[in-house]
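See structure below.
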Protein chains: 2
Amino acid sequence: MQQPANTPPARRRRKDGQARREAILDAALALFSGLGLHGASVEGIAERAGLSKTNLLYYFPSKEDLYVAVLRRVLDIWLDPLQALDADSAPAEALKDYIRAKLTLSRDAPQASRLFCLEIVQGAPLLRAELEGPLRALVEAKAAILRGWRAEGRIGAHDPHHLIVSIWAITQHYADFAVQVNAVTGRGLDDPEFFESVVASTQALILGGLGLRP
Amino acid sequence: MQQPANTPPARRRRKDGQARREAILDAALALFSGLGLHGASVEGIAERAGLSKTNLLYYFPSKEDLYVAVLRRVLDIWLDPLQALDADSAPAEALKDYIRAKLTLSRDAPQASRLFCLEIVQGAPLLRAELEGPLRALVEAKAAILRGWRAEGRIGAHDPHHLIVSIWAITQHYADFAVQVNAVTGRGLDDPEFFESVVASTQALILGGLGLRP
DNA sequence: GTCTATATCGGGATAGAC
DNA sequence: GTCTATCCCGATATAGAC
């Protein structure tokens with residue numbers, strides 16, 4: 001079996017390069033989500049990622065390029081859980097799973113949630129196309145599923161758009177407004193007990209609103 | 001009756017000064033909420049307020065001072081509606097009124113909502129004291145009302161903190177994530193018909209989650 | 001209170017050696 | 001790929017005349 005040292009230089013360098021890019025993207029996410037695009041400095045990101053400012057600019061030619069790269073990565077994670085909402089499942093189970101998946105994301109990737117939030121709040125000049133295209137189409141597809149359930153009398157009457165938006169609002173709020181939630185309740189999603197109580201509460205609220213009982 | 005020209009200079013100047021401060025605060029809110037603290041420039045704010053950069057710095061000695069002044073103003077508006085939640089009202093009516101008041105604020109003061117959101121998402125170094133003090137106390141008082149209603153069997157079982165947080169999350173979301181809501185639904189709170197449907201939907205969701213029927 | 005001019009600085013980006 | 005040195009611009013803030 002070959003040792004790592006035997007790996008051809010070209011390939012090893014490329015792998016290192018990818019790892020370095022990942023490290024930069026991680027550092028950038030941390031600082032952009034905490035300080036905003038203009039509040040974070042390239043130097044600060046570089047320092048956190050363990051390289052020099054000029055060296056960082058070798059990997060990403062400009063600050064904006066880096067920012068867009070981070071944002072793209074975040075968006076990919078973001079669209080994922082809704083995809084799983086399935087017409088064949090029982091409505092209550094499908095919605096409960098979706099709520100749990102979103103809250104899990106808020107717990108495990110709060111920085112991604114916050115960066116997404118910052119970008120949307122400021123008008124999302126970079127993301128608007130993504131929102132009006134793929135996201136809108138995805139929501140439309142899932143709204144159709146909800147309307148189908150409604151037609152079959154399996155859930156109560158409720159505007160599907162508002163339902164989806166409300167689920168987003170609540171689940172993301174626990175990541176984006178974490179400091180406020182913490183100030184008021186003294187706890188956060190990283191506390192397993194609190195996490196489960198939020199999941200249960202949110203599920204109860206949404207299902208109750210649809211006239212379903214968990 | 002006296003003409004404005006007869007107003008003593010000192011008084012007139014002071015009144016003009018106050019009006020100018022207001023204009024600056026309005027302009028600052030618009031730009032800070034759209035570009036963030038570091039993204040907005042003093043020059044841009046001055047231009048929007050109709051004076052020169054140096055002149056602005058006569059009224060507010062530094063950019064940060066201005067930012068804090070804007071934030072204080074926003075927070076005052078913010079704490080207001082929850083105060084009105086009253087133990088003597090019928091639970092369903094009190095909650096419906098609160099939801100409508102919050103959504104009205106989201107419709108009429110979206111920039112204030114967004115600036116507040118930006119600040120919280122970034123960790124709210126300036127607001128933390130306000131959150132842990134007055135806000136927490138206020139929430140605790142209102143949570144006690146909800147627990148009282150629960151004890152009397154007038155509402156269903158639901159954690160009061162989660163309920164309040166969920167109402168915040170949904171109602172503010174329509175201001176803060178307006179571009180996303182617009183991308184997905186094609187409409188916003190400024191559309192009266194849409195506004196009323198959001199109010200009705202949110203009320204139904206919350207009351208339904210508490211086992212109440214509107 | 002308002003203006004012009006200017007000091008000062010941080011930070012993004014480039015040049016070029018190694 | 002990484003470094004040192006440097007350029008350059010935008011932005012905050014100040015000085016001082018009017």
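Note on naming: letters A, B, ... go to the chains in the order of the sequence lines (proteins, then strands), and numbering restarts at 1 for each one. These numbers come from the heavy atoms of this one structure, side chains and all, not from hydrogens, waters or symmetry mates.
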Legend entry - Length of the OH-P vector between A:Y58 and C:dA15, whole Å: 16 Å
Legend entry - Cationic N near anionic O, under 4.0 Å, B:R100 to B:E196: yes
Inset, instruction - Give a yes or no on this: more than 12 heavy atoms of other residues, nucleotides or ligands lie within 6.0 Å of atom CZ of B:R147. - result: yes
List, with names and distances, any nitrogen or oxygen atoms from the protein found under 3.5 Å away from nitrogen or oxygen atoms belonging to nucleotides 8-15 of chain D.
unit_1: D:dT12; atom_1: OP1; unit_2: B:V42; atom_2: N; d: 2.9
unit_1: D:dT12; atom_1: OP1; unit_2: B:K63; atom_2: NZ; d: 3.3
unit_1: D:dT12; atom_1: OP2; unit_2: B:V42; atom_2: N; d: 3.3
unit_1: D:dA13; atom_1: OP2; unit_2: B:K63; atom_2: N; d: 2.8

Between the protein and nucleotides 16-18 of chain D, list the N/O to N/O atom pairs that are separated by less than 3.5 angstrom.
none

Inset, instruction - Applying ring pair (Phe, Tyr, Trp, His ring centres under 6.0 Å), name anything that partners B:Y98, two or more places apart in sequence or on another chain. - result: none
Inset, instruction - Would you mind listing every side chain to side chain donor-acceptor pair (under 3.5 Å) that reaches into residues 76-88 of chain B, with sequence neighbours excluded? - result: B:W78-B:Q172
Legend entry - Partners passing ring pair (Phe, Tyr, Trp, His ring centres under 6.0 Å) against B:F194 (at least two apart in sequence or in another chain): A:H162
Legend entry - Residue pairs passing the side chain to side chain donor-acceptor pair (under 3.5 Å) test where at least one lies in residues 26-46 of chain B, sequence neighbours excluded: B:D26-B:R73
Legend entry - Whole angstrom value for the distance that separates P of C:dG11 from OH of A:Y67: 18 Å
Inset, instruction - Please tell me if the side chains of B:L95 and B:I167 come closer than 4.5 Å, counting only heavy atoms from C-beta onward. - result: yes
Legend entry - Distance in angstrom units between A:I24 CD1 and D:dG1 C1', rounded: 11 Å
Inset, instruction - Grab the CG-C1' distance between A:L56 and C:dT14 for me, whole Å please. - result: 15 Å
Legend entry - Any A:Y59 side-chain nitrogen or oxygen under 4.0 Å from OP1 or OP2 of D:dT2: yes
Legend entry - Rounded distance (Å) that lies between atom C1' of D:dT2 and atom CD of A:E47: 17 Å
Legend entry - Closest approach of A:I45 to A:A27 (non-hydrogen atoms, all atoms of both residues): O-CB, 3.6 Å
Inset, instruction - Send over the distance from B:L51 CG to C:dG1 C1', rounded to a whole Å. - result: 11 Å
